[in-house]
Amino acid sequence: MLDFNASVLLIYTGGTIGMTEDSTGALRSFDFNYLKENVPEINRLNFNIDSIHFDTPIDSSDMNPDKWKLLVKIIEENYEKQDGFVILHGTDTMAYSASALSFMLENLNKPVILTGSQLPIGKIRTDGKENLITALEIAVDKNEKGEALVPEVCIFFQNLLMRGNRTIKINADNFKAFNTFNYPILAEAGTYIRYRHELILSRPYNLKPKFHYLLDPNVTVIRIFPGISAEILRATINIPHLKGIILETYGAGNAPTEKWFLDIIKEGIDKGIIIVNVTQCASGSVEMNRYQAGKTLKNLGVLSGNDITTEAAVAKLMFLFGHGLNREEVKYNMQLSLAGEITV
Ligand code: ASP
């Protein structure tokens, strides 16, 4: 149901969608108004669209925790007067931002939809127009009671609405740039937008939204590979102030069983570092009991990331450490689903 008095805040951060090609073919950021000129359809939507943009639009490679906080601030300041939010964002780190926002915006009862495009909006074959228009419609879509249909942080791309903290970028140039292999699609846009209501997070009745600004970036990702050396692993666990490592392992959560490898992992855990086991596979889950190579890690105290993505695990660790949780509390929370990021 479309609410004709509804209003969306369109937040422009940068990325390909808002870039123009200059004579050298390089992509450059442009002024936000250009977006409206290039997508006149926006003016025909039957609801209000307010807009705000980063002072300097960025390639999303420059996204960072401070900019996530800025996004949360913009959303908090406009929360009461808007029905939903659409964030235009570069695709490269969109899955990280969507994950971070899903933790930083607690008890969300309005949609926050991230979208972007693979081709700039000024290009004839751009995918940006459809992505933008449909994301705006989803951001104001409500049920008969006037409640938002999608009270969560999502990515909308190529007709698919996906839970943000389940997404990964899967393609550098195809229009189908994202997928959520470990969670079904929340809605598909065709002639109609078909929502799968049973899969969407429920509205947090009686709970006020909470806007979180505390993140601790002292985490890192180690992707193991055949030939990884003791030097690399040791240097990692000795990074000053490091609190968490996402260990990207093989298959169901397997890693080398050689003594030197296990000794360094144990050394890291003894130093108080939380090590989370996340699979390198795009789909499927860590099951540390399945093979000896996983079981050994479990016995050392490595945590299972289950089916969480690396993007969501990074954001979740930053969020939990940022809130000053102790080791046991972080471990406990990593096993819980805080925003639908993990299958429990
Ligand atoms: N490099 C761009 C970015 O992430 C790519 C894109 O927008 O799709 O900002």
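Side-chain atoms are counted along with the backbone in the values below, which use heavy atoms only and exclude waters and symmetry mates. Both ligands and their constituent atoms are indexed starting at 1 by order of listing. What you see is a predicted model, and the numbers here were worked out from it, not measured in a lab.
For Y332, the OH atom is loosely surrounded, since the number of other residues' heavy atoms within 6.0 Å does not exceed 12. For E267, the CD atom sits in a packed shell: over 12 heavy atoms of surrounding residues, nucleotides or ligands are nearer than 6.0 Å. The neighbour count for K295 NZ, taken as heavy atoms of other residues, nucleotides or ligands under 6.0 Å away, does not exceed 12.
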Do D83 and K142 pass the salt bridge (charged side-chain N to carboxylate O under 4.0 Å, His left out) test, and can you show the C-alpha distance, the side-chain angles, and the key distance before you say yes or no? CA-CA 9 Å; D83 295 274; K142 299 194 177 146; 2.5 Å; yes
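Between K69 and D66 there is a salt bridge, with a side-chain nitrogen of the basic residue lying less than 4.0 Å from a carboxylate oxygen of the acidic one.
The shortest contact between atom 9 (O) of ligand 1 and any protein heavy atom is with S60 N, 2.6 Å. In terms of protein heavy-atom proximity, atom 8 (O) of ligand 1 is closest to T91 OG1, 2.4 Å.
Polar contact with ligand 1: absent for T93 (N/O pair, distance under 3.5 Å). No N or O atom of K169 sits closer than 3.5 Å to an N or O atom of ligand 1. Taking any N or O of S61, backbone or side chain, none lies under 3.5 Å from an N or O belonging to ligand 1.
Ligand 1 lies less than 4.0 angstrom from a heavy atom belonging to S117.
Residue contact check: T16 has heavy atoms under 4.0 Å from atoms 2 (C), 5 (C), 6 (C), 7 (O), 8 (O) of ligand 1. In the vicinity of G15, heavy-atom distances shorter than 4.0 Å reach the ligand 1 atoms 7 (O), 9 (O).
Taking the side chain as every heavy atom from C-beta outward, N165 and T309 never approach each other to under 4.5 Å.
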